[in-house]
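Below is one structure, written out as structure tokens, with a few remarks after it.
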Amino acid sequence: MAEEEAHGGAMPPDGELPEVLAARRRKLDALRDEGIEPFPHEFRGVEPIAAVRDAHAELEHGEETDVRHRVAGRLAARRGQGKMAFLDLVDRSGRIQLQARVDVLGAEAMERLLHFDLGDLLGVDGTAFRSRRGELTLRVQDFTLLAKSLRPPPEKHHGLQDTETRFRRRELDLIANAEARELFLTRAHVISAVRRFLDREGFVEVETPVLQPLYGGAAARPFTTHHNALSRTLYLRIATELYLKRLIVGGLERVYELGKDFRNEGLSPKHNPEFTVLEFYEAYADYLDIASRCERLVAYVADQVGYQGAHDFTPPWHRETLAGAILDRTGVDILAARERGALAAAMRSRGLAVPAQDTWPQLVDELLSKHVEPTLIEPTFLFDYPVELSPLAKRHRSRPGLVERFEAFIGGMEIANAFTELNDPDEQRRRFEEQRALASAGDEEVQPYDEAFIQALEQGMPPTGGIGIGIDRLVMVMTGMRSIREVVLFPAMRD
RNA sequence: GCCCCCGUAGCUCAACUGGCUCGAGCAACCGCCUUUUAAGCGGUGGGAUGAGGGUUCGAGUCCCUCCGGGGGCACCA
């Protein structure tokens, strides 16, 4: 029980606390004894630290001003004590040095200021000057404790390194590591740039059900939950596709949804069980129009977030066909081997591994993911997928057996999947039936038959192009991160 | 699910082939110094080495099981 309290942060007697925690508890009690409220209600009129810095960018070394600023943030460092000391205060926008002088504050206030712990939240009023060493500094005239911190912050030089702690206690990562703060601000900018782009191009943002009586729109295993009042099983959505196409039927013409999908599958550096996806659908457009909009969107986002990396997102991107890319990388012609045995033989003759259980579509996927995808570093579209892999895409207008579909790759990673949408309800019904046949053959990740969706298509859906873009992966690309867990605030972890 | 690596103080890290009471920096506490920049100097406290079992005169170190994390494989976006 003592251990549980120490780790769980309840309020055990001091004797059972590690010394570093007990010391902070003692200070908390001392503050209250002095009549100081350690958790006041507000502190108005705060200026961002970055704004204070900007206001005095021109100050010479050693130059003083009488300009007063009010800032608030977390105490991050302290140098010196006694008659004069320097402290660092950090807010979301940056860090600023504070100078505490006993001749300004008086002995009692000086003592109180210097006895705050690293990690305490402070409000400060001070006058700006630039130190001899050139550091913009606020000379503290007045200060207020805004919240007492009862746990020590991570080490101030090395930051928080432990991967597990960074993910489980992201607040500590954000406190300790400025790069983490910047990364998640970039993520926010990516998302707002996506919305701005689509809003400007006439798309309307919609929200469709996350809890669905029937899941669909992708090949994946769903999470299952239960609605008590309705007494029935509901699924967390694996895609927004089918509902969004019903809105195209409804005449909304250009729609997008930006939100979470959920897939009950393994974790990896590229897969989190809940992940953020953008899907947009455009009436009277085909997949070539969508490809063009996709590359313009990504280029716009890169520009808006100030992308500094090595990729060149300027349209037009590299373009290949899927079959051409596989032929080029492996020498296997999937279009000349349209059934499993022939394809397996072609792969073996090239010395490629052939997983025994794989169906023809799965072998194609194997060739793509193992031999082509890793080579697609610069932004690249692969066009024209086999119909077997794409039950929701419209057949190719000139190439039998293929559909009008593309996927986009950056940095060896798939970031988007798009097609000219299948709008012939009878053909869509047949495609679902084929999927159903696969399901009875044991494949758990096929698309269930969705009668409501078929009825919507029967109502008449205009020719439409649509796309899904993995936002977490797009953020990975924009920030150079190699793991999705670095760009998701609270990635999935075991209990 | 399988394979490999990792888990030492609040944080960042040490500890030769098994060998004295597991050390140091930051943080904390008590002082000294004062325009510092990872401030400096002196002193003090803080650890069931992830958990449990085993081998051994002796285990942070070797073996087994479990928990957690990372990487890879498989599956997928």
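Chain identifiers are assigned alphabetically (A, B, ...) following the order of the sequence lines, protein sequences preceding nucleic acid strands; residue numbering begins at 1 within each chain. None of these values were measured; they are calculated from a predicted model. Side chains included, hydrogens not; waters and symmetry mates left out as well; all remaining heavy atoms used.
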Query raised in the report: Without hydrogens or angle criteria, can the side chains of A/T240 and A/E257 be said to hold a donor-acceptor pair below 3.5 Å?
Result: no
Query raised in the report: Under a 4.0 Å N-O cut-off, is there an ion pair linking A/D103 with A/K83?
Result: no
Query raised in the report: Taking atom C1' in both B/rG31 and B/rC16, what distance in whole Å separates the two?
Result: 39 Å
Requested in this report: Just call it for A/D162: base, sugar-phosphate, or nothing, with non-hydrogen atoms closer than 4.0 Å on any strand.
Outcome: sugar-phosphate
**Report entry** Contiguous Watson-Crick or G-U pair runs (3 or more, under 3.5 Å) in RNA chain B
**Finding:** B:1-7 with B:67-73, B:10-13 with B:23-26, B:28-32 with B:40-44, B:50-54 with B:62-66
Query raised in the report: Base, sugar-phosphate, or nothing for A/R101, non-hydrogen atoms under 4.0 angstrom?
Result: base
Report summary line: Protein-proximity profile, nucleotides 67-73 of chain B, B/S/- by nucleotide at the 4.0 Å heavy-atom cutoff, equals -SSS-S-
Query - P gap between B/rG45 and B/rG19, integer Å - result: 27 Å
Query - Side chain of A/P152 - closest among B/rA28, B/rG10, B/rA38 - result: B/rG10
Requested in this report: Pick the C1' atom in B/rG60 and in B/rC73, then give their distance to the nearest Å.
Outcome: 32 Å
Requested in this report: Confirm from the modelled atom types if A/S131 and B/rU36 form a donor-acceptor pair under 3.5 Å, side chain to base only.
Outcome: yes
**Report entry** Heavy-atom pair with the smallest gap, counting every atom of A/L322 and A/P386
**Finding:** CD2-CD, 3.6 Å
Report task. Please confirm whether any donor atom in the side chain of A/E135 sits under 3.5 Å from an acceptor in the base of B/rU36, or the reverse. Result -> no
Report summary line: Closest to the side chain of A/F86, out of B/rU36, B/rC29, B/rG10, is B/rU36
Query raised in the report: Quick one: which of B/rA77, B/rC26, B/rU35 gets closest to the side chain of A/E64?
Result: B/rU35
Query raised in the report: Side-chain N or O of A/K83 less than 4.0 angstrom from OP1 or OP2 on B/rU35?
Result: no
Report task. Please determine, by modelled atom types, if A/N272 and A/R485 share a side-chain donor-acceptor pair under 3.5 angstrom. Result -> no
Requested in this report: Work out which heavy atom in A/A239 is nearest to a heavy atom in A/D261; give both atom names and the distance.
Outcome: CA-OD2, 3.3 Å
Report task. Considering only atom P, compute the distance from B/rG52 to B/rC33 and round it to an integer number of Å. Result -> 49 Å
Requested in this report: Record whether the side chain of A/R130 comes under 3.5 Å of the base of B/rU35 through a donor-acceptor pair of N or O atoms.
Outcome: no
Query raised in the report: Taking for each residue the nucleotide of RNA chain B with the nearest heavy atom, is it A/K270 or A/A77 whose nucleotide lies nearer the 5' end?
Result: A/A77
Query raised in the report: Within the stacking criterion (centroid distance below 5.5 Å, interplanar angle below 30°), does A/F275 stack on B/rA77?
Result: yes
Report task. Compute the centroid of each ring, for A/Y287 and then for A/F419, and state whether the two points are separated by less than 6.0 Å. Result -> no
Query - Modelled atom types, side-chain donor and acceptor of A/E320 and A/T380, under 3.5 Å - result: no
**Report entry** Backbone of A/I49 reached by a side-chain donor or acceptor of A/D91 within 3.5 Å
**Finding:** yes
Query raised in the report: Taking OP1 and OP2 of B/rU37, is either one under 4.0 Å from a side-chain nitrogen or oxygen of A/R133?
Result: yes
Query raised in the report: Taking atom types as modelled, is there a side-chain donor on A/T359 or A/Q362 under 3.5 Å from an acceptor on the other?
Result: yes
Report task. For residues A/L267 and A/A492, report the shortest heavy-atom separation together with the two atoms involved. Result -> CD2-O, 3.7 Å
Query raised in the report: Can you tell me how far P in B/rA9 sits from the matching atom in B/rA24, rounded to whole Å?
Result: 15 Å
Requested in this report: For A/G468, answer base if it contacts any base atom (sugar-phosphate contacts may also be present), sugar-phosphate if it contacts only those atoms, and nothing otherwise; contact means non-hydrogen atoms under 4.0 Å.
Outcome: nothing
Report summary line: Regarding the side chain of A/H158, the nearest nucleotide among B/rA39, B/rU12, B/rU36 is B/rU12
Requested in this report: Kindly indicate whether the side chain of A/R132 and the base of B/rU35 share any N or O donor-acceptor pair separated by less than 3.5 Å?
Outcome: no
